[in-house]
2 protein chains.
Amino acid sequence: MANINEIAKQAGVSVSTVSRVLNNHPYVSEDKRAAVQKVIDELDYTPNRAAIDLIRRETRTIGVIMPYNNNQAFDQLLHGILNMSIEQDYSVTVLPTKYNKDKEISYLNMLKNKQLDGIIITSRSNDWESIIPFTKYGMIVACEYTDHPEIGCSYLDRYSSYLDVFQLLKEKGHTTVAFTTARGLESKSTQQTIAAYKNVFGELRPELHISDCYSMEDGSNAAKKLLSMNPRPTAVYANGDEVAGGFYQYALSIQLKVPDDLAIIGQENQPIGIGLGLSTVDHQLVKVGEQAFNLIISKSREKQKIPYRIIHRLSI
Amino acid sequence: MANINEIAKQAGVSVSTVSRVLNNHPYVSEDKRAAVQKVIDELDYTPNRAAIDLIRRETRTIGVIMPYNNNQAFDQLLHGILNMSIEQDYSVTVLPTKYNKDKEISYLNMLKNKQLDGIIITSRSNDWESIIPFTKYGMIVACEYTDHPEIGCSYLDRYSSYLDVFQLLKEKGHTTVAFTTARGLESKSTQQTIAAYKNVFGELRPELHISDCYSMEDGSNAAKKLLSMNPRPTAVYANGDEVAGGFYQYALSIQLKVPDDLAIIGQENQPIGIGLGLSTVDHQLVKVGEQAFNLIISKSREKQKIPYRIIHRLSI
DNA sequence: ATGAAAGCGCTAACAA
DNA sequence: TTGTTAGCGCTTTCAT
């Protein structure tokens with residue numbers, strides 16, 4: 001395809017003038033501008049983005065590190081990020097890690113080679129010490145809280161949220177309450193859940209915590225295990241509405257009534273929870289994503305807490 | 001950050017030699033190679049990607065046009081695409097359109113300005129005539145069938161699949177069967193559903209088709225409408241397992257038994273369907289995505305049909 | 001208001 | 001095996 005020299009030649013002007021009309025600079029006479037535009041249209045010319053990126057030292061592209069894309073929570077985050085990227089005319093590149101440390105680092109290197117202006121980390125497997133050196137090359141924003149001043153944060157206060165829910169359950173008279181998590185102890189959010197639990201109920205009997213829950217099916221399996229205990233839990237806090245849905249389904253299948261026999265509360269206000277009428281705590285992940293994007297492009301390293309809200313339906 | 005000239009100077013070699021070690025070219029003596037590598041490590045140097053893209057005329061990045069990211073079906077496609085992109089060391093950029101025609105065209109322009117090597121269209125609002133001119137600038141692959149030879153296709157044979165399901169339902173003795181779709185008549189897949197329906201059942205009473213169904217809640221609402229008809233449908237083919245789940249939920253809530261009073265079959269083998277034991281037709285969207293990606297990077301304009309499979313559970 | 005020219009950081013053809 | 005050099009397509013001083 002034609003380049004800027006070609007346009008300049010055919011329009012009978014210099015490349016600088018062409019560049020000026022391309023970038024809407026002032027101080028271009030109307031006739032020259034028109035002449036240039038005419039040739040641009042005729043030749044169906046578009047400036048080469050790589051050349052512009054090279055000279056401008058920016059790509060207007062940001063990357064999103066996420067373990068999986070086929071997961072409701074990460075999907076909500078991504079959705080928020082995409083919302084803002086459209087408004088701000090940025091591109092976003094998805095960087096799936098499956099929690100592979102090396103992969104994660106290789107993605108961070110895209111900052112170093114100027115392929116990306118910034119990276120949003122929705123979940124990570126490397127520790128901050130390995131990540132922070134890359135802030136030298138571009139903005140890094142996390143969707144979790146961290147003290148490190150180099151990292152901007154758009155986060156939800158999981159601990160408070162978990163505390164709230166467990167307290168609510170306790171107030172309703174539940175003494176044996178179970179909960180599920182996605183990852184195990186290597187995950188900060190699992191650790192926070194456990195801490196909140198202990199804060200409210202004193203101690204945690206290990207069998208009341210089931211990890212590796214992602215789908216409705218996982219929820220059903222967890223319910224099966226939990227509800228065969230004696231005494232069995234009277235309430236469960238699931239790490240997502242799909243998992244909560246699995247609990248609901250299994251409970252019904254063994255003639256337990258929700259919430260009388262089993263109280264259920266999920267997370268993230270997902271479609272299935274709406275359909276099933278499950279109470280949930282909405283961590284507003286879409287907003288978390290939107291805010292993360294805002295931090296990136298405003299080059300801010302602020303720590304921004306996004307409020308959660310408990311949505312009361314009929315399952316607790 | 002340092003550039004290739006800096007490395008060359010400090011290593012006491014020419015830039016070509018540096019370039020050669022960077023690209024693992026043969027004909028570099030071991031000592032020079034070592035010297036260069038040493039400086040590269042010391043200076044923590046990484047080649048600038050924009051410069052490489054500029055000269056190579058490729059970005060190793062492909063774009064994925066999709067209406068929404070927060071949708072199970074598109075998510076499966078994206079998942080497949082990401083699977084292959086990791087293997088092939090490509091980046092993928094998400095291009096959300098919300099079915100906005102202009103936005104869609106602006107994304108296609110990223111091919112023209114060399115920002116993207118190729119684009120996968122998972123769903124579109126522009127007609128092919130507007131899209132095809134862009135094949136001049138890069139590969140375009142669609143996740144639907146089209147005759148146009150310029151467009152590679154990784155597609156599912158929706159018509160056959162719909163035909164199969166309706167036939168199955170008919171064989172089971174159902175005469176009044178309803179179905180749901182996402183979009184209305186502007187969508188080819190809706191048109192195909194209707195055509196298959198008419199092929200099997202002769203005519204379609206308009207009230208048996210409900211569009212704009214995306215979530216479980218939409219499914220419940222559709223069920224409410226459908227099941228209050230007289231005579232009411234005895235089977236429903238939902239355009240997704242979440243929608244099917246909504247039907248299931250509503251049917252149970254009014255004491256209808258599945259499948260005796262209402263047979264339900266969904267699509268895409270989603271977690272909720274597994275949890276609820278709903279029969280479904282799995283269009284293998286992950287594979288469709290993977291194949292689309294393969295077509296793009298092998299620069300093939302083939303038409304590849306991905307087989308579907310009906311998964312029999314207990315809801316029909 | 002316009003143009004000449006010097007890069008941005010890299011690759012590759014050519015020469016040695 | 002190595003170096004010189006001419007670009008890739010653009011932006012941006014600096015003159016004029």
Side-chain angles (χ1 to χ4, degrees), chain A residues 1-40 43-61 109-117 137-138, chain B residues 1-40 43-61 109-117 137-138:
Chain A
M1 210 183 57
N3 62 21
I4 199 174
N5 293 295
E6 183 71 17
I7 305 294
K9 193 183 299 172
Q10 294 210 23
V13 300
S14 73
V15 291
S16 347
T17 300
V18 177
S19 177
R20 286 185 188 106
V21 350
L22 249 21
N23 296 285
N24 290 311
H25 280 300
Y27 306 128
V28 182
S29 66
E30 259 325 306
D31 45 338
K32 299 248 177 200
R33 185 183 298 276
V36 168
Q37 192 56 56
K38 180 157 171 288
V39 179
I40 287 178
L43 269 57
D44 192 29
Y45 165 78
T46 307
N48 180 310
R49 181 64 179 261
I52 295 174
D53 287 352
L54 175 59
I55 201 162
R56 285 216 213 286
R57 292 165 167 66
E58 66 163 31
T59 57
R60 292 190 77 82
T61 302
N109 263 306
M110 295 172 79
L111 242 31
K112 194 171 162 191
N113 67 21
K114 312 259 104 198
Q115 197 170 175
L116 254 27
D117 292 350
Y137 309 115
Chain B
M1 208 183 56
N3 63 20
I4 200 174
N5 292 296
E6 182 73 15
I7 305 293
K9 192 183 300 173
Q10 295 210 21
V13 299
S14 72
V15 291
S16 354
T17 299
V18 177
S19 176
R20 286 186 188 105
V21 348
L22 249 22
N23 296 285
N24 289 311
H25 280 302
Y27 306 129
V28 181
S29 66
E30 259 325 304
D31 45 336
K32 298 247 179 206
R33 185 183 298 275
V36 169
Q37 193 56 57
K38 181 158 169 286
V39 179
I40 287 178
L43 271 57
D44 192 32
Y45 165 78
T46 307
N48 180 308
R49 181 64 178 264
I52 296 175
D53 287 352
L54 174 59
I55 201 164
R56 285 215 213 286
R57 292 164 166 66
E58 65 164 30
T59 57
R60 292 190 78 81
T61 302
N109 262 307
M110 294 172 80
L111 242 32
K112 194 171 164 191
N113 67 21
K114 313 259 102 198
Q115 197 170 175
L116 254 26
D117 291 350
Y137 309 113

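Worth saying up front: this structure is predicted, and the values here are computed from it rather than measured. The sequence lines fix the lettering, A, B, ..., with proteins before strands; numbering per chain opens at 1.
- Using a 4.0 Å heavy-atom criterion, one finds that A:K114 contacts no nucleic acid atom at all.
- For the pair A:Y45/A:L22, a side-chain contact is recorded, criterion being any heavy-atom separation below 4.5 Å from C-beta on.
- Close to C:dG3, at under 4.0 Å from its OP1 or OP2, lies a side-chain N or O of A:T17.
- Look at CG on A:N113: it is 12 Å from P on C:dT11, rounded to the nearest Å.
- B:Y27 places its OH atom 16 Å from the C1' atom of C:dA16, with the value rounded to the nearest Å.
- For the salt bridge (Lys or Arg N to Asp or Glu O under 4.0 Å) condition, the pairs that include at least one residue of residues 12-32 of chain B, sequence neighbours left out, are B:E30-B:R33.
- In this view, B:I55 satisfies the side-chain contact (heavy atoms from CB on, under 4.5 Å) rule with no residue, not counting sequence neighbours.
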Q. Could you run down nucleotides 8-16 of chain D 5' to 3' and tag each one B, S or - for protein heavy-atom contact under 4.0 Å?
A. BBBBB----

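- Salt bridge annotation for A:D53-B:R49: absent, with no cationic side-chain nitrogen under 4.0 angstrom from a carboxylate oxygen.
- Atoms CZ (B:R49) and C1' (C:dC8) sit 17 Å apart, rounded to a whole Å.
- For the pair A:L43 and A:A2, the tightest heavy-atom approach, listed with the atom from each and the gap, is CD2-CB, 3.9 Å.
- Within the 4.5 Å cutoff, the side chain of B:L54 has heavy atoms near those of the A:N48 side chain.
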